[in-house]
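It should be emphasised that the depicted structure is a prediction, and the values quoted were computed from it without experimental measurement.
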Amino acid sequence: MIPTVSIVIPCYNYERYVGLALDSVMRQRVAPLEVIVVDDGSTDGSAAVIRGFPGVRYLHQANAGHVAAFNRGYAESRGDIVLFLDADDVLEPEAVAEVLAHWRPGTAKVQFELQVIDGAGDSTGRVFCNYPLGYDTQQVRDEFAQHGTYVWPVCTGNAYSRGFLDAVMPLSVKVAPDGLLNTVAPLYGDVAVVPRVLGRYRLHTQNQSYHGTGAAGLDVRFAKQIALRASEFDALRVHADRLGAELPPGNLLDHELVFLNYRLMVRKLGGRYAGDADDSVLSLWRKSVALLFARPARLATRVSRLVWATALALAPRPIARALVQLRFNRAELFKRFRRQTTAPLSAA
């Protein structure tokens, strides 16, 4: 029997974007069983936009936060598979069909690539996650067994089995419910990988992963991300103990290049984070280089990250601060450059 798919969209004050998200759902080549939007007490025109789509189940609640809306959407859904679509993201027309094509018994989730766009919907030139060539269920299993982690996308790029969700929901985390789900998923079943873009992830100032436009305060934001990821790994060990599963010993943050990078940046910016007494710039650089060759990655990815880590480690603090600011504003800077270079042609 073909499994059914529920699409759940938590929404808070996304009048500008939620219609685009819903329109992308309506354009699916294979229609989902149901579309549920949980309006978390929006005070803008989100409700009117949502109600303008026939067949969408609209649920309103007093503002209780993203996690509460996430939990309610799951509780109200009926599909065998649940895809949580962020209200500012969109799906490609083949998304549901591809999820079903890759679904197998014993699957905890299917994950796929996301094109990264900005607030205006323009491409940033990035793909999330840009999976290593040949990355598949077996590689996820092997990587998780060795490192306690694997390559996974943000919320919109995942479709979860109800069996898995029933085992872990409702969630009690304060933020980023997809982070916990993706962290523990391999304990509960296979992770299927679709190596193609099936959605668009919008990166803008209201994202949890947005790091701001100024260099001041970046170290604090990175430190919060490090603490959040550490709490997700703590939860992973709780789930593993409950299931009698083994995880690698030691600090699992040492097995994720992103968080070695965050720790290195905080050190170079002069900030602090929990556990930083055990870290030095040299030790973090060494761990980063070792991990680049221990986990699967494309050659171009290895080279670019090696250059970045080395430049950051060697740079004096003022230059390191400028490098960090440039890195997290590069999409906007490139966009401004394109506008400046094409403006004369448009005027002509």
Side-chain angles (χ1 to χ4, degrees), residues 7-28 32 35-40 42-50 52-53 56 65-67 69-70 73 82-96 98-99 111-131 151-160 175-179 181-182 194 196-214 218 221 224-225 228 258 327-336 338-339:
I7 295 181
V8 173
I9 305 177
C11 179
Y12 175 69
N13 284 352
Y14 268 167
E15 174 187 7
R16 177 182 177 187
Y17 298 126
V18 68
L20 300 173
L22 283 166
D23 184 65
S24 76
V25 173
M26 299 303 143
R27 294 175 182 271
Q28 290 301 299
V35 182
I36 299 171
V37 181
V38 182
D39 182 356
D40 186 40
S42 295
T43 56
D44 63 359
S46 294
V49 174
I50 297 163
F53 286 83
V56 171
H66 180 67
V67 177
F70 202 90
V82 182
L83 192 159
F84 295 95
L85 173 62
D86 282 339
D88 54 342
D89 293 345
V90 295
L91 295 175
E92 298 298 333
E94 299 294 318
V96 171
E98 285 290 330
V99 166
Q111 61 180 37
F112 46 85
E113 299 274 36
L114 298 169
Q115 180 186 24
V116 182
I117 58 177
D118 63 17
D122 297 324
S123 173
T124 65
R126 295 169 53 199
V127 173
F128 198 153
C129 300
N130 195 24
Y131 295 120
V151 181
W152 49 264
V154 291
C155 185
T156 293
N158 304 272
Y160 305 98
V175 295
D178 56 316
L181 291 180
N182 292 325
V194 184
R196 60 176 289 195
V197 171
L198 295 177
R200 280 170 276 167
Y201 167 61
R202 196 181 304 272
L203 189 62
H204 56 99
T205 55
Q206 291 175 266
N207 291 126
Q208 171 70 21
S209 54
Y210 181 76
H211 295 290
T213 56
L218 277 175
R221 188 69 186 261
K224 289 180 179 178
Q225 293 291 95
L228 173 62
V258 168
R327 175 170 180 173
F328 288 95
N329 288 278
R330 65 189 186 276
E332 182 59 30
L333 291 173
F334 289 152
K335 190 172 181 179
R336 290 177 187 174
R338 287 196 298 268
R339 286 173 182 163

In terms of heavy-atom contacts, Val154 and Tyr201 come closest through CG2-CD1, 3.7 Å

(Q) Could you check whether any side-chain N or O of Glu113 sits under 3.5 Å from a backbone N or O of Asn130, counting only pairs where one atom can act as donor and the other as acceptor? (A) yes

Rounded to the nearest 0.5 Å, the CD1 atom of Ile117 sits from the CG atom of Asp88 at a distance of 8.0 Å

Requested in this report: Show your working on side-chain contact (heavy atoms from CB on, under 4.5 Å) between Leu203 and Arg126 and close with a plain yes or no.
Outcome: CA-CA 11 Å; Leu203 189 62; Arg126 295 169 53 199; 3.8 Å; yes

Taking the side chain from Thr124 and the backbone from Asp118, do they hold a donor-acceptor pair closer than 3.5 Å? no

Q. Would a distance-only check, ignoring hydrogens and angles, find a side-chain to backbone donor-acceptor pair under 3.5 Å from Asp39 to Ser42?
A. yes

What's the verdict on side-chain contact (heavy atoms from CB on, under 4.5 Å) for Asp89 and Leu114, showing C-alpha distance, side-chain angles and the deciding distance? CA-CA 10 Å; Asp89 293 345; Leu114 298 169; 5.7 Å; no

For this session: Spell out, as yes or no, whether a donor-acceptor pair under 3.5 Å connects the side chain of Asn182 to the backbone of Asp178.
Result: yes

Distance col, row Leu85:CG vs Thr156:OG1, nearest 0.5 angstrom, shows 4.5 Å

* Close side-chain approach of Asp40 to Pro10, heavy-atom, < 4.5 Å -> no

With sequence neighbours left out, the residues meeting side-chain contact (heavy atoms from CB on, under 4.5 Å) with Glu94 are Arg29, Ala97, Glu98, Arg196, Leu198

Heavy atoms of Glu15 and Gly45 approach each other most closely as OE1-N, 3.1 Å

Do the side chain of Asn158 and the main chain of Gln111 share a donor and acceptor less than 3.5 angstrom apart? no

Separation between CD1 (Ile9) and CZ (Phe53), nearest 0.5 Å, reads 9.0 Å

* To do: Please check if any side-chain donor atom of Gln115 sits under 3.5 Å from a side-chain acceptor atom of Ser123, or the reverse.
  => yes

Donor-acceptor pair between Tyr12 and Asp44 side chains, under 3.5 angstrom: no

Rounding to 0.5 Å, atoms OH (Tyr160) and SG (Cys155) come to a distance of 5.5 Å

* To do: Spell out, as yes or no, whether a donor-acceptor pair under 3.5 Å connects the side chain of Arg202 to the backbone of Gly119.
  => yes

Those residues at least two apart in sequence (or on a different chain) that pass side-chain contact (heavy atoms from CB on, under 4.5 Å) with Val90 are Leu20, Ser24, Arg200

Between Pro153 and Phe128 the two heavy atoms that sit nearest each other are CA-CE2, 3.8 Å

Nearest heavy-atom contact between Val18 and Ser46 is CG1-O, 4.5 Å

OH (Tyr17) and CG (Asp86) are apart, to the nearest 0.5 Å, by 12.5 Å

Original post:
Is Thr43 close to Asn13 at the side-chain level, that is, under 4.5 Å between some pair of heavy atoms?
Top reply: yes

d(Leu91 CG, Leu22 CG) to nearest 0.5 Å is 10.5 Å

